[in-house]
Amino acid sequence: QVQLVESGGGLVQPGGSLRLSCAASMNFFRLYTMSWYRQAPGKQRELVASITGGGRTNYADSVKGRFTISRDNAKNTLYLQMNSLKPEDTAVYYCNLDTFGAWGQGTQVTVSS
């Protein structure tokens with residue numbers, strides 16, 4: 001059974017930075033594409049970024065140049081470095097492993113002055 005646990009959310013001022021982490025309890029983490037999604041109040045959940053087992057990345061247009069997805073396969077951990085944060089980045093951020101239909105519990109990111 002796959003378990004995903006996010007951490008690193010919080011309150012930050014516009015222009016600030018946060019780094020989210022997602023710890024995965026599973027075998028062969030390195031083989032699988034991992035993703036970050038977010039859901040703002042009243043909106044649908046949307047893909048933020050994904051990374052393949054080989055390190056190929058993909059980003060939503062709204063975060064390109066500001067967010068960086070990465071992974072440490074030795075630690076079974078996925079990261080999302082978020083820079084130049086904007087109020088519209090406020091959402092609950094979720095870690096996802098689509099192959100197993102697994103989701104984390106989410107971590108709240110609030111960007112506000």
Mind running side-chain contact (heavy atoms from CB on, under 4.5 Å) on T33 and I51 for me, showing each step along the way? CA-CA 5 Å; T33 295; I51 183 168; over 6 Å; no
OG/S50 to OH/Y59 distance, rounded to the nearest 0.5 angstrom? 9.0 Å
Tell me, with the steps shown, if Q108 and L11 meet side-chain contact (heavy atoms from CB on, under 4.5 Å). CA-CA 8 Å; Q108 176 71 47; L11 172 64; over 6 Å; no
Test side-chain contact (heavy atoms from CB on, under 4.5 Å) on I69 and L78 and set out the steps. CA-CA 8 Å; I69 189 171; L78 177 71; 3.9 Å; yes
Can you find a side-chain donor-acceptor pair between N83 and S17 that sits under 3.5 Å? yes
In Å, rounded to the nearest 0.5 Å, how long is the span from CD of Q1 to OG of S25? 10.0 Å
Pair Y93-R38, side-chain donor/acceptor within less than 3.5 Å: yes
Assess the side chains of N58 and R56: does a donor N or O sit below 3.5 Å from an acceptor N or O? no
So which heavy atom on L80 is nearest to which on A49, and how close? CD1-CB, 4.4 Å
Mark yes or no for whether R45, through its side chain, and Q39, through its backbone, hold a donor-acceptor pair below 3.5 Å. no
Rounding to 0.5 Å, atoms CE (M82) and OG1 (T68) come to a distance of 11.0 Å
Let me confirm one number: the OG1-CE distance from T77 to M34, rounded to the nearest 0.5 Å. 9.5 Å
Between the main-chain N or O of G106 and the side-chain N or O of E6, is there a donor-acceptor pair closer than 3.5 Å? yes
Do you know the tightest heavy-atom contact between C22 and L4? SG-CB, 3.9 Å
If the threshold is 4.0 Å, N to carboxylate O, is there a salt bridge linking D61 and K64? yes
Is the backbone N or O of T110 less than 3.5 Å from a side-chain atom of S112, with the two atoms forming a donor-acceptor pair by type? no
Atom pair CG (L97) and CH2 (W103), whose distance is rounded to the nearest 0.5 Å: 10.5 Å
Could you check S35 against L47 for side-chain contact (heavy atoms from CB on, under 4.5 Å), going step by step and ending with a plain yes or no? CA-CA 7 Å; S35 302; L47 177 66; 3.8 Å; yes
Heavy-atom nearest pair, T107 first then S7, reads OG1-C, 4.3 Å
Under a single-linkage definition using a 4.5 Å side-chain heavy-atom cutoff for Ile, Leu, Val, Met, Phe, Trp and Tyr, are Y32 and V48 assigned to the same hydrophobic cluster? yes
Looking at Q44, I want to see if its CD is surrounded by more than 12 non-hydrogen atoms of other residues, nucleotides or ligands under 6.0 Å. no
Just checking, R71 and F29: is the charged tip under 6.0 Å from the six-membered ring centre and within 45° of the axis? yes
Looking at the rings of W36 and F67, which for Trp means the six-membered one, are their centres under 6.0 Å apart? no
From D98 CG over to Y37 OH, what is the distance, rounded to the nearest 0.5 angstrom? 6.0 Å
Below 4.5 Å, heavy atoms only, C-beta onward: do V109 and T90 meet side chain to side chain? no
Under 3.5 Å donor-acceptor, D89 side chain and V111 backbone: no
Min side-chain heavy-atom separation Q105-Y94 under 4.5 Å: no
